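Worksheet for the structure shown next.
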Amino acid sequence: MTETRKCEQCGTLFAPRREHARFCSARCRVAWNRQHAGDPPAAVSALGWSITAMRDTIDRLLRARASDQPHGYAAISEAVWWVTMVDATLVRYHPDVYDAVLESHGEAERGVIEGTFGGLRFVRNWMGYHLDHSDFIEPRRTPGSPGAGPIAAWTWRSLPEPVLAALPERGREWEMTRYREYQARLAAKPVGDTFDRAAAFLLRASADGALNDGASDDGASDDGASNGDRAPSELSAS
């Protein structure tokens, strides 16, 4: 059965093509953004300090060396939390800027970026809740060195398909998509590469969002059912 949602602007039912589509068309998205542009001044401040916290957390992780696994797991978990928090904030309050920055990349790179964030959402939803940190992360030591190795060189483990029977059908579909993106874009790759790519995109999008804050594009032609902004990606069962 095809999923339908109600457009948050006009109330029309539409079939979403993206996980977090909220509007039936670009016109409705622009109208909603214009009406709510001045609503949450705190959101702008929150985005600013979230960006700073994310950048500092990832900088520490990329430089850090850890001989004890719990310290490394904690550093990676913190980075996952901040990246997904900033991503969710940008796509809610600056969806057009977010999409414009995404579209500025070539098709192949767009797929890598979107898959990276999808994979990180899967990690956020599962690591420490349904699976242990050690199920996700493979610590690495520098060859020939008995001391601490760089956390950035640790890799994401390949995982079996998650058990999703407890979720509704829609939730199973979205979470399986996130799992596949994790397998394709994160598994067997260094965690440092993942966070480096995610941070570079989010920092650019946040900079463009600050420059274009409050601007709207009446000429947008993309359908909201295919380019809806991505709200925070919580599990559907939550």
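Computed from a prediction, not measured in an experiment: that's the story for all the values here. Side-chain atoms are counted along with the backbone in the values below, which use heavy atoms only and exclude waters and symmetry mates. All residue numbers in this chain count up from 1 along the given sequence.
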State, yes or no, whether a side-chain contact exists between [X] and [Y] at a heavy-atom distance under 4.5 Å.
X     : Y     : result
Thr12 : Lys6  : no
Phe14 : Pro16 : yes
Arg29 : Asp99 : yes

According to side chain to side chain donor-acceptor pair (under 3.5 Å), who are the partners of [X], at least two apart in sequence or on a separate chain?
X      : answer
Glu8   : Arg22
Gln9   : none
Thr194 : Trp156
Ser134 : Asp132

Counterpart residues, salt bridge (Lys or Arg N to Asp or Glu O under 4.0 Å), relative to [X] (two or more places apart):
X      : answer
Arg63  : none
Arg55  : none
Arg180 : none

Derivation of the ring pair (Phe, Tyr, Trp, His ring centres under 6.0 Å) call for Tyr73 and Phe136:
CA-CA 10 Å; Tyr73 293 155; Phe136 274 94; over 10 Å; no
Compare every heavy atom of [Y] with every heavy atom of [X], then report the nearest pair and how far apart it is.
X      : Y      : value
Ala198 : Val83  : CB-CG1, 3.9 Å
Tyr129 : Arg124 : CE1-O, 3.6 Å
Ser50  : Met85  : OG-CG, 4.4 Å
Trp154 : Pro150 : CD1-O, 3.4 Å
Asp196 : Leu62  : OD1-CD1, 4.3 Å
Ala66  : Gly72  : CB-N, 4.2 Å

Inter-residue atom distance [X].[atom1] - [Y].[atom2], 0.5 Å rounding:
X      : Y      : atom1 : atom2 : value
Ile76  : Ile58  : CD1   : CD1   : 12.0 Å
Phe195 : Met54  : CZ    : CE    : 11.0 Å
Arg157 : Leu186 : CZ    : CG    : 14.5 Å
Thr116 : Arg121 : OG1   : CZ    : 10.5 Å
Asp135 : His130 : CG    : NE2   : 12.5 Å
Asp56  : Ile51  : CG    : CD1   : 11.0 Å

Restricting to side-chain contact (heavy atoms from CB on, under 4.5 Å), what partner residues turn up for [X], sequence neighbours left out?
X      : result
Ser77  : Met127, His133
Asp193 : Pro190
Glu109 : His105, Val112, Ile113, Arg197
Leu164 : Trp126, Pro162, Leu167, Arg172, Glu175, Met176

Mind checking whether Phe201 and Tyr98 have parallel, tilted or perpendicular rings, split at 30° and 60°?
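The arrangement is perpendicular - the two ring planes meet at more than 60°.
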Give the ring-plane orientation class for Trp49 versus Trp82, where under 30° counts as parallel, over 60° as perpendicular and anything between as tilted.
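Aromatic pair Trp49/Trp82 classed perpendicular.
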Going by side-chain contact (heavy atoms from CB on, under 4.5 Å), Thr84 matches just one of Val123, Leu120, Asn125. Which one?
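Result: among Val123, Leu120, Asn125, Leu120 is the only option passing the side-chain contact (heavy atoms from CB on, under 4.5 Å) with Thr84.
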Go through the steps to decide whether Glu78 and Leu61 satisfy the test side-chain contact (heavy atoms from CB on, under 4.5 Å), and finish with yes or no.
CA-CA 9 Å; Glu78 184 180 10; Leu61 185 149; over 6 Å; no
Going through the checks in order, is the side-chain contact (heavy atoms from CB on, under 4.5 Å) test met by Arg204 and Ser104?
CA-CA 11 Å; Arg204 179 181 169 190; Ser104 71; 3.1 Å; yes
Would you check, one step at a time, whether the test side-chain contact (heavy atoms from CB on, under 4.5 Å) holds for Thr155 with Lys189?
CA-CA 5 Å; Thr155 56; Lys189 296 177 176 61; over 6 Å; no
ring-ring contact (aromatic ring centres under 6.0 Å, His included) partners for Tyr179, two or more places apart
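Per chain and number, Tyr179 pairs via ring-ring contact (aromatic ring centres under 6.0 Å, His included) with Phe122.
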For Ser206 and Val86, run side-chain contact (heavy atoms from CB on, under 4.5 Å): C-alpha distance rounded to whole Å, both residues' side-chain angles, the deciding distance at 0.1 Å, then the answer.
CA-CA 9 Å; Ser206 65; Val86 170; 5.7 Å; no
